[in-house]
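Worksheet: one structure, shown below.
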Amino acid sequence: METTETSRSSHELPVTTTDSSGPAAKKLTLVPLIFLIYFEVAGGPFGEEPAVQAAGPLLAILGFLIFPFIWSVPEALITAELSTAFPGNGGFVIWAHRAFGAFVGSMMGSLKYLSGVINVASFPVLCVTYLEKLFPVLESGWPRNVCIFASTVVLSFLNYTGLAIVGYAAVVLGLVSLSPFLVMSAIAIPKIQPHRWGSLGDKQKDWNLYFNTLFWNLNFWDNVSTLAGEVDNPQKTFPLALLVAVIFTCVAYLIPLLAVTGAVSVDQSRWETGFHAEAAEMIAGTWLKIWIEIGAVLSSIGLFEAQLSSSAYQLEGMAELGFLPKFFGVRSKWFNTPWVGILLSALMSLGLSYMDFTDIISSANFLYTLGMYLEFASFLWLRKKLPELKRPYRVPLNIPGLVIMCLVPSAFLMLIIVFATKIVYLICGLMTVGSVGWYFLINYFREKKIFEFNQDVDHLDYVNEEQRPKHEEDHDS
């Protein structure tokens with residue numbers, strides 16, 4: 001086993017580069033990147049309703065008001081610093097490897113990838129959940145299953161056509177899917193009774209549902225790091241895009257939540273996924289309900305595309321870095337997209353999409369939580385290990401301040417673990433054990449030369465010479 005570890009760690013991470021055999025891929029610019037980040041994280045207020053069902057209007061509003069500051073902002077800051085320091089498609093896998101070595105890098109990649117494809121699986125289900133309010137035939141049985149299958153296939157093909165197309169599509173989808181909520185919120189203003197915002201609800205608190213709803217709606221900020229190699233001038237574009245996306249996302253959640261909780265008085269149990277459409281009908285009529293249903297479908301498309309892109313490009317990045325066989329990074333000759341990653345991610349998400357929706361998001365959250373502990377540790381250790389590394393964006397705190405910044409969200413992550421259900425423990429336990437086994441299986445494949453790997457370098461090639469720590473430059477000279 002000692003030999004296996006040495007074999008893997010003796011070569012470091014190569015530069016992640018785009019396959020030049022296909023047509024040149026267009027780079028993501030600022031506005032498409034903002035909307036891709038938005039769809040990585042939110043995609044609109046669709047899915048925020050269970051927070052009210054779980055804990056009442058007041059705690060739901062406070063959750064979406066406070067949670068971004070204790071979770072979303074720290075995660076976005078870490079992503080901005082490390083994505084600009086290591087602008088390759090490996091994203092958080094590069095960070096973990098540079099901090100702690102091959103095993104931790106592999107575990108980070110496996111946990112984040114699994115949480116990502118589970119998350120992708122939730123969006124066709126969310127889409128159908130909204131559509132069934134217009135077409136009751138989709139509530140169960142083969143019509144629902146066929147709809148989930150067909151939407152997954154069609155949207156995966158759109159992803160195959162290219163990230164630039166997906167980015168500009170995200171802009172259109174974001175604006176169109178949010179427009180009915182702006183209309184609903186404006187019409188609701190005369191009907192708002194502010195005292196309703198202070199209600200704690202009339203049922204026992206469901207903390208598992210509450211925390212998982214907040215977490216699922218406001219996480220995955222770092223997923224965009226796996227697209228860093230596809231971004232135009234990432235050192236400048238990433239920090240600004242993340243800043244705008246954080247503000248945009250928070251406002252997109254809060255305005256409809258304040259409008260509906262203030263204007264509509266219904267039994268708390270009715271606040272399930274899809275209730276915003278029913279509220280729109282109460283506030284303005286059937287026409288607005290239909291508009292929001294259409295917006296939900298468009299939002300689900302944007303969410304699916306953004307998350308599938310991150311998962312597929314992560315596999316490509318891991319192949320380029322030597323964590324996976326080279327064929328995982330094969331790109332299409334027609335669109336220059338990582339078709340193997342797209343196909344594998346789509347197939348896995350399709351199989352998982354037939355789980356219960358709550359179990360889907362809880363499992364994605366749990367695995368993501370484990371990955372985030374590794375990410376926080378990698379971020380802190382890289383600051384200590386490589387203090388002179390060129391960081392185009394640097395979180396303006398010293399080590400003690402950074403520790404505090406990471407401890408606050410880490411405490412919240414523990415709540416996700418504590419309140420998980422037995423089925424989530426079982427699913428995530430098996431996947432975590434599988435991730436450990438996968439690391440050793442990949443090493444076996446490499447030693448026996450069963451598959452071809454990128455292992456033609458014996459040290460980390462920095463993405464550009466300016467990234468090299470100062471003390472290494474001095475040593476070379």
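None of the values given here were measured: they were computed from a predicted structure.
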- Query: Can you list every side-chain hydrogen bond (donor to acceptor under 3.5 Å, both in side chains) pair that touches residues 401-426, not counting sequence neighbours?
  - Reply: none
- Query: Sequence neighbours excluded, which residues qualify as ring-ring contact (aromatic ring centres under 6.0 Å, His included) partners of Phe376?
  - Reply: none
- Derivation and outcome, salt bridge (Lys or Arg N to Asp or Glu O under 4.0 Å), residues Lys289 and Glu278: CA-CA 6 Å; Lys289 174 184 178 181; Glu278 297 179 25; over 6 Å; no
- Query: Going by atom types only, do Asn219 and Tyr368 share a side-chain donor-acceptor pair under 3.5 Å?
  - Reply: no
- For residues 69-95, which residue pairs qualify under salt bridge (charged side-chain N to carboxylate O under 4.0 Å, His left out), counting only residues two or more places apart or in two chains? Glu81-Arg383, Glu81-Arg391
- Under 3.5 Å, is there a donor-acceptor pair between the Trp438 and Ser106 side chains? no
- Query: Do Glu132 and Arg144 pass the salt bridge (Lys or Arg N to Asp or Glu O under 4.0 Å) test, and can you show the C-alpha distance, the side-chain angles, and the key distance before you say yes or no?
  - Reply: CA-CA 9 Å; Glu132 71 186 26; Arg144 180 182 182 87; 2.8 Å; yes
- Message: Using the ring centroid of each side chain, check whether Phe211 and Phe412 are separated by less than 6.0 Å.
- Response: yes
- Message: For a quick check under 3.5 Å, do Glu49 and Thr273 share a side-chain donor-acceptor pair by atom type?
- Response: no
- Task: Verify the neighbour count for atom NZ of Lys203: are there more than 12 heavy atoms of other residues, nucleotides or ligands below 6.0 Å?
- Result: yes
- Message: Counting only heavy atoms not in Trp339 (residues, nucleotides, ligands), do more than 12 fall under 6.0 Å from its CH2?
- Response: no
- Message: Using the rule given for side-chain contact (heavy atoms from CB on, under 4.5 Å), can you reason through Leu380 versus Cys406, listing the C-alpha separation, both sets of side-chain angles and the distance that settles it, and then say yes or no?
- Response: CA-CA 9 Å; Leu380 294 172; Cys406 293; 4.2 Å; yes
- Query: Using a distance-only test with no angle check, is there a side-chain donor-acceptor pair under 3.5 angstrom linking Tyr393 and Ser83?
  - Reply: no
